[in-house]
There are 2 protein chains.
Amino acid sequence: MLGIQTVEPRSFRPQAPRISTSPAASNSLDERLSHATVRKLESKEHVFCEGDPRLHVFRVEEGVIAIYKTLCDGRRRIIDFAYPGDLIGLGALDEHILSAQATCTSKVRCLSAATLESLAESDANLALKLYKSVCQELAATRSLLVTVGQRSAVERVASFLLALHRRSGEADDHTVTLAMRRSDIADLLGLTIETVSRTLTKLRTMGVIGVEQGGTTVTLCDVVRLTDLANE
Amino acid sequence: MLGIQTVEPRSFRPQAPRISTSPAASNSLDERLSHATVRKLESKEHVFCEGDPRLHVFRVEEGVIAIYKTLCDGRRRIIDFAYPGDLIGLGALDEHILSAQATCTSKVRCLSAATLESLAESDANLALKLYKSVCQELAATRSLLVTVGQRSAVERVASFLLALHRRSGEADDHTVTLAMRRSDIADLLGLTIETVSRTLTKLRTMGVIGVEQGGTTVTLCDVVRLTDLANE
DNA sequence: CGAATGATTGACCCCCTTCAAAAGCGGTGG
DNA sequence: CCACCGCTTTTGAAGGGGGTCAATCATTCG
């Protein structure tokens, strides 16, 4: 998932409840996941909604899933974007308290939440992994809180782009794909669509970034300057 | 700790990494805590700082501890206030990534972090408790994210006061004590001291609250109206 | 092509920040 | 007891950044 970092090291951290799926993790989990059924989602389709019984945990296989909460006045607050490899739907309650919606065509793998918990009950190692992962997750959410709480529009957008770039892993490739709408970015950063758009064009006219392909592809022309603008 | 809720049920949830210290929790933890040494803190004194080795986990016994992160430009972002009964200093890393500072004279109990982890390694039940607690914690931080991300000053301050009131537990007593400075509240809510002060006087002139004792005691005259203003 | 959805740009305005000053409050010492 | 000082809070005035409303443009799809 996408972490907007404000602390060093400037690396990514998971953003939503998830656990590592590396070989170091309990094999039982990976094995279960590899046998799990795959569900395909169209853009804007929901994986789950607030209030739904929390029957499954999902691992994103393809696409981008927005994790969000709906406010009482109908506004939407995106907490995080989940990318392939991320686990979503973990939690302490038997209901989902957030919604998860595909921002583009996506695929997820489904695992029974009850199964995962029963595994953890007899496997202290797995339970501890879950605990530590959520601690990391918490740290990342706090970072987003810092970013959203007191930073300007330019700082937020710059941080977001840098986070996306680092997320991609390809240090040489200075392009990032915005696999979500402007409204999704706005709801993540606590801005309006117009401000996001204006800020992107501002960065473009400054020569820091380039915007192509109808606004879905962004080239980071001057990463150093962008980092400076992010003020991290 | 203090959770600003934006979802129903409008109840409190823990805000910083902590676990329940109720009898239902592993006895080993409670026992350890009851034998732990107590440390007294003056106002503004630190429990720990960002970058410090994470040697201990603390339980707040008296007072209020602000959990915060320092930004690169020197600003401070308070993530949470920890109250008596709350555990602070939990985490996945061997360094603290946040600072903890007393907002007033306080007392904390110290427990070795290594001890807690070694207990959890052999006790799946304890580890699972840790996991679930941090999940709750995560949910609460996300709620604060929602509040801070897209709400007006009145909404934020109203939410904060209501959260404080619920935190106190005494439903009959309509007074809350602000055991922290305006600057602390401002840094939690992502506002300036002036705006916090102005908003409080605005609420006062509206007859929704009363401010006494040099601004440290607030009376909630009209909880219904305040809830309405909080827009939760 | 025309309708629908999303992105961009412009104009205006309001809420909050910033800068500045005054007023409370508590402590210390003459 | 009061003067003085430091810290915090309150209040005022001015300015700006982002929100809101609205129009235009771009892209996709039936």
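The shown structure was predicted, so the numbers you read here are calculated from the model rather than taken from an experiment. By convention in this document, chain letters (A, B, ...) are assigned in the order of the sequence lines, proteins followed by strands, and residues within each chain are numbered from 1.
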Separation of atom [atom1] in [X] from atom [atom2] in [N], rounded to whole Å:
{"X": "E194(B)", "N": "dC19(C)", "atom1": "CD", "atom2": "P", "value": "10 Å"}
{"X": "Q150(A)", "N": "dC16(C)", "atom1": "CD", "atom2": "C1'", "value": "14 Å"}
{"X": "I209(A)", "N": "dT8(C)", "atom1": "CD1", "atom2": "C1'", "value": "14 Å"}
{"X": "I193(A)", "N": "dT5(C)", "atom1": "CD1", "atom2": "C1'", "value": "11 Å"}

Quiz item: Would you say the side-chain atoms of S43(A) and R181(A) include a donor-acceptor pair closer than 3.5 Å?
Solution: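 On atom types as modelled, these side chains qualify, holding a pair under 3.5 Å.
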Quiz item: Between residues 195-206 of chain B and DNA chain C, which residues have a heavy-atom gap below 4.0 Å?
Solution: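 Contacts with DNA chain C under 4.0 Å: T195(B), R198(B).
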Exercise. Determine yes or no for a side-chain-to-main-chain donor-acceptor pair under 3.5 angstrom, with T103(B) supplying the side chain and A66(B) the backbone.
Key: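 No; zero donor-acceptor contacts below 3.5 Å.
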Self-check item: Check: L191(B) main-chain N/O paired with R156(B) side-chain donor or acceptor under 3.5 Å
Solution: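 Looks like no, no N/O pair under 3.5 Å.
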Self-check item: Which residues share a side chain to side chain contact (heavy atoms under 4.5 Å, CB included) with N231(A), sequence neighbours left out
Solution: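 Residues passing side chain to side chain contact (heavy atoms under 4.5 Å, CB included) with N231(A): R151(A), E155(A), C72(B), D73(B).
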Quiz item: Using a heavy-atom cut-off of 4.0 Å to chain A, what are the terminal contacting nucleotides of DNA chain D, in 5' to 3' order?
Solution: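 In short, chain A contacts DNA chain D from dG18(D) to dA22(D).
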Quiz prompt | Pairing of R59(B) and E61(B) as salt bridge, 4.0 angstrom limit | solution =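 Salt bridge present between R59(B) and E61(B).
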Practice problem: Anything under 30° is parallel, anything over 60° is perpendicular, the rest tilted; go ahead and classify F48(A) against F58(A). | Solution: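 Parallel, since the angle between the ring planes stays under 30°.
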Quiz item: Which distance, rounded to the nearest 0.5 Å, do you find between the CZ of R76(A) and the CG of D184(A)?
Solution: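 Taking CZ in R76(A) and CG in D184(A), the distance rounds to 4.5 Å.
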Exercise. Could you tell me the separation between the CG atom of L161(A) and the CG atom of L203(A), rounded to the nearest 0.5 Å?
Key: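 Separation between the atoms: 7.0 Å.
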